[in-house]
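Chain letters run A, B, ... following the sequence lines, proteins first and then strands; every chain starts at 1.
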Protein chains: 2
Amino acid sequence: MINIRQNSYSNSQLMRGIQESSVAYILNHATIEQFDKNTIIVQQSEKHPFLHLILSGKVKTYRHSTEGKETIIRLLKPQETFMDAVIFMNTDTSPISAQSIEPTKTLKIPQKIIHEAISKDSILAHNLLQIIANHYGSSMLQVDAIHTQKPLDRVGFYLLSKYLEHIKLGGSSKSFSLQYTKQDIANQLGVAPETFSRSLAKLKQMGIEIQGTEIKLSSSESLCQFCDPTLTKKCIKSSKDDCKIKE
Amino acid sequence: MINIRQNSYSNSQLMRGIQESSVAYILNHATIEQFDKNTIIVQQSEKHPFLHLILSGKVKTYRHSTEGKETIIRLLKPQETFMDAVIFMNTDTSPISAQSIEPTKTLKIPQKIIHEAISKDSILAHNLLQIIANHYGSSMLQVDAIHTQKPLDRVGFYLLSKYLEHIKLGGSSKSFSLQYTKQDIANQLGVAPETFSRSLAKLKQMGIEIQGTEIKLSSSESLCQFCDPTLTKKCIKSSKDDCKIKE
DNA sequence: CGCACCATTGATATGGATCAATAACTGTGG
DNA sequence: CCACAGTTATTGATCCATATCAATGGTGCG
């Protein structure tokens, strides 16, 4: 059985609250994989019957078309999983690729082991349902945003989401950092890198300092105009009067 | 316990292969709901802790923004479910609305019952994982398509998908019918109704007859140019030499 | 130090949204 | 069975936002 520090996986949504025996069973049949920066971990259209839990590093999942364009699906940090949904799809090959964007270590768990663990541990099943349902939820929001919002709004919304996430993890109240390259973020938001850059330039004129990858807000409410009912729940301010989102 | 014909639910992916006792438990705690055409079944931003299985009729799920725009997420037929993913999300209110687009009957199952049934029946858990993972898969494809394809290609791809689905259900080999209004389909594809109409006009010049909601292909390969590796598996022709998709 | 890569800024072209008008349906009631 | 209203679909004309192209500036790494 693999021997790793418990805290490298135990905060993950995947493992949360599941039986000790399930953890043992999974660790017994999983391997730890190491990848250099920019290594392709999963190749689109190939079989890859494994779920990965990121222990350290960063990963992007994406699709590429025959004409060479790529669409980033998700940008991932430690404790997050990928191929979590794919191993339950009807397809026999993966619809996405995954690539490390930093030196990365993952816990690689065979599909079969997950299936078996699920049938014995309904908490694990529930965790996976929640994980995948939330992915689907974000994906729906993304489709909606692309249809109905302009690039500036999408960028603003993205920054606000990251800011709230940062606050939730106990970060400082007015500054935070983009965790990925701007071109990757732009791609994920469905805009050209140039457009992303221009959107950031507009935000600067609205009291948001941007130096490289560091964002500094002039006030903790600087981004409030980009809020929406979905984010409102994650915001401490939502009860305050000056929050415009109410329903 | 509700008394309905078994075939009105037993072909659904939800119920497939699950224990008799689970079926009984679910039917015991579910209700049958009837809706006129254009009834709002679920309202965005409100609580709705139920999963619906469509027994007859048609339903659309969608999001609407404050400015009144709506984005269709899915268009649904009998045997399909909605609110299937929502009941596993972290949100306490629904991120989507659901509305009947025809007179509709659904089996309405409380969230709590589903949760309990899952913990006893791992096949049901597996079914739900598959259902939601596939939704997520389509949603990823949609995001990708919006980024990388022109409206004509998206329309062509849509028609091809529907055609293959039609064939799989044993339909005639060269004609089939759009199951929804053109404006709804256009919305789901993320194009204006006018653009959808113009795309269909282009397709006419490529040997695809379109009369109202009926599509007639001049040859069963008329739509092959819109194929991609994801659809290839569902296509009987994929093994034939004249199929260009080979990945 | 120099070479890649990444980001910004400027100039241009274009595809599809939007606006507007008409035409084809669908269903309803006389 | 037809007339009418309401909805849905088509077709045409216009305009603007953003992708694309192009050039420069910045940054990190070997």
For B/Pro193 and A/Lys182, take the nucleotide of DNA chain C holding the closest heavy atom to each; which residue's nucleotide lies nearer the 5' end?
A/Lys182
Using a cut-off of under 3.5 Å, enumerate the N/O to N/O pairs linking the protein to nucleotides 27-29 of chain D.
none

Without swapping roles, check the side chain of B/Ser199 against the backbone of B/Thr195 for a donor-acceptor pair under 3.5 Å.
yes
Charged N-O contact under 4.0 Å between B/Lys162 and B/Glu165:
yes
Nearest whole angstrom, please: distance from the P of C/dC6 to the CG of A/Leu178.
15 Å
Any idea which of D/dC21, D/dG12, D/dA9 is nearest the B/Glu194 side chain?
D/dG12
Tell me whether B/Lys182 forms a cation-pi arrangement with B/Phe196, defined as NZ or CZ under 6.0 Å from the six-membered ring centre and within 45 degrees of its axis.
no
Value in whole Å for how far the C1' atom of D/dT18 lies from CG of A/Leu189
15 Å
By a strict heavy-atom criterion of less than 4.0 Å, which residues belonging to residues 146-156 of chain B are in contact with DNA chain C?
B/Lys150, B/Pro151
Does any donor atom in the side chain of A/Ser97 or A/Gln99 lie under 3.5 Å from an acceptor atom in the other side chain?
no
Got a sec: does the CG of B/Asn7 have more than 12 other heavy atoms crowding it under 6.0 Å?
yes
Does B/Asp36 have more than 12 heavy atoms from other residues, nucleotides or ligands lying within 6.0 Å of its CG?
no
B/Leu76 to B/Thr81 - nearest heavy-atom pair and separation:
CD1-O, 4.1 Å
To the nearest angstrom, how far is B/Asn38 atom CG from C/dT26 atom P?
16 Å
Closer than 3.5 angstrom, by distance alone: can the side chain of B/Ser139 be matched with the main-chain N or O of B/His135 as a donor-acceptor pair?
no
Residue-level proximity of residues 195-216 of chain A to DNA chain C when a heavy atom falls under 4.0 Å:
A/Ser197, A/Arg198
Residues B/Leu107 and B/Ala30: closest non-hydrogen pair is CD1-CB, 3.8 Å
Please report the distance, rounded to the nearest Å, between CG in A/Asn187 and C1' in D/dA19.
14 Å
Nearest-Å distance, NZ (A/Lys37) to C1' (C/dC6)?
11 Å
Restricting to non-hydrogen atoms, name the atom on A/Leu75 and the atom on A/Glu80 that form the minimum distance, rounded to 0.1 Å.
O-OE1, 4.0 Å
Does the base of C/dC5 carry an N or O that pairs as donor and acceptor with the side chain of A/Gln183 under 3.5 Å?
no
I'd like to know whether NZ of B/Lys168 has more than 12 heavy-atom contacts from other residues, nucleotides or ligands below 6.0 angstrom.
no
Which part of the nucleic acid, if any, lies within reach of A/Lys69 when heavy atoms closer than 4.0 Å are counted: base, sugar-phosphate only, or nothing?
sugar-phosphate
